[in-house]
Student: 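Please find one structure pasted underneath; my questions will follow.
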Amino acid sequence: MTDRVPPEIEKVLVSSQEIADKVAEMAAAIDADYAGREVLLVGVLKGAVMIMADLARALTIPVSMEFMAVSSYGSSTSSSGVVRILKDLDREVAHKHVLVVEDVIDSGLTRSWLLRNMKSRGPASVEVCALLRKPEAAKVELPVKYVGFDIPSEFVVGYGLDYAERYRELPFVGLLKPEVYATS
Ligand code: IMP
Ligand code: MG
């Protein structure tokens with residue numbers, strides 16, 4: 001099935017079918033690695049909502065889900081790595097197997113902060129699963145155990161990712177037409 005693509009989209013980078021296939025593949029790997037254990041999926045609002053919902057349903061191991069909201073100081077298009085917690089997890093992560101679920105790893109600065117933060121809470125283990133990874137992520141030493149797609153260093157929208165809080169609902173990941181940025 002091909003995606004219905006709104007006129008503001010220049011190009012589809014990853015279709016909804018490709019996402020679904022990849023999520024199934026990642027879930028199979030996670031199922032195998034965590035067999036016999038329960039995993040706590042930790043997502044960062046709001047970008048991780050789609051991958052969290054799809055991954056949780058694709059897994060067969062028992063999971064629980066926690067969400068965190070953070071704000072990264074810096075401009076809207078670049079991250080400083082200085083992070084403020086707007087909403088913390090509701091439950092303790094001590095002695096749990098934590099899997100941080102990410103939409104995209106860009107500079108990786110927010111994520112390295114998040115990993116340090118999770119590890120300081122004394123979990124049994126911490127790993128990262130990200131649907132998308134940009135080349136910049138390689139600059140920060142950051143173990144990402146499960147990666148869906150390596151994409152170019154371009155600003156993308158859809159499947160949880162926004163531009164000015166729009167386009168999160170698109171079922172695919174795509175590039176916006178330049179005039180969309182120009183007019184807002
Ligand atoms: P970083 O890895 O610290 O640079 O921050 C990554 C966060 O910035 C992601 O979780 C997204 O919320 C946001 N972000 C990074 N790249 C994009 C993009 O291409 N489109 C939309 N949001 C993005
Ligand atoms: Mg955003």
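Ligands are counted one by one from 1 in listed order, and the atoms in each one are counted from 1 as well. Please read all numbers here as calculations on a predicted model, not as lab measurements.
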Student: Under 4.0 angstrom from ligand 1, any heavy atom of Val157?
Tutor: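 Contact absent.
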Student: For atom 4 (O) of ligand 1, which candidate among Gly47, Ala48, Ser107, Pro152 provides the closest heavy atom?
Tutor: Ser107
Student: Counting only heavy atoms not in Glu38, do more than 12 fall under 6.0 Å of its CD?
Tutor: yes
Student: About how many Å separate CZ of Phe155 and CG of Asp162, when rounded to the nearest 0.5 Å?
Tutor: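 Answer for the CG-CZ pair, Asp162 versus Phe155, is 6.0 Å.
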Student: As an exercise, identify every atom of ligand 1 less than 4.0 angstrom from a heavy atom of Leu161.
Tutor: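 Within the 4.0 Å cut-off of Leu161, ligand 1 contributes 21 (C), 22 (N), 23 (C).
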Student: Should Val128 and Val147 be marked as a side chain to side chain contact (heavy atoms under 4.5 Å, CB included) after you check the CA-CA gap, both sets of side-chain angles, and the distance that decides it?
Tutor: CA-CA 8 Å; Val128 178; Val147 180; over 6 Å; no
Student: Does any non-hydrogen side-chain atom of Leu99 lie less than 4.5 Å from one of Lys145?
Tutor: no
Student: Can you establish whether the number of heavy atoms outside Lys11 located under 6.0 Å from its atom NZ is more than 12?
Tutor: no
Student: Output the atom name for the N/O/S atom of Asp162 with the smallest distance to the Mg ion (ligand 2).
Tutor: OD1
Student: Going by heavy atoms, is Gly108 under 4.0 Å from ligand 1?
Tutor: yes
Student: Against heavy atoms of Thr110, which atoms of ligand 1 measure under 4.0 Å?
Tutor: 1 (P), 3 (O), 5 (O)
Student: Is there side-chain contact between Met118 and Val100, with heavy atoms separated by less than 4.5 Å?
Tutor: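 Yes, at least one pair of side-chain atoms sits under 4.5 Å.
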Student: Can you tell me which portion of Glu154 lies within the under-4.0 Å heavy-atom range of ligand 1? Options are side chain, backbone, both, or neither.
Tutor: backbone
Student: Is the ring pair His97/Tyr34 parallel, tilted or perpendicular, if the boundaries are 30 and 60 degrees?
Tutor: perpendicular
Student: Under 3.5 Å between some N or O of ligand 1 and some N or O of Val156?
Tutor: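 It does: an N or O of Val156 is found under 3.5 Å from an N or O of ligand 1.
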Student: What atoms of ligand 1 come within less than 4.0 Å of a heavy atom belonging to Asp103?
Tutor: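 Those of ligand 1 that fall under 4.0 Å from Asp103 are 9 (C), 10 (O), 11 (C), 12 (O).
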Student: For ligand 1, does Asp162 get within less than 4.0 Å through its side chain, its backbone, both, or neither, judged by non-hydrogen atoms?
Tutor: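 Backbone only.
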Student: Under 4.0 Å from a heavy atom of Lys134: give me the atoms of ligand 1 that qualify, with their elements.
Tutor: 16 (N), 17 (C), 18 (C), 19 (O)
Student: Is it the case that the side chains of Asp31 and Thr60 hold a donor-acceptor pair, with the cut-off being a distance below 3.5 Å and no angle test?
Tutor: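 Judged by distance alone, the side chains do pair up.
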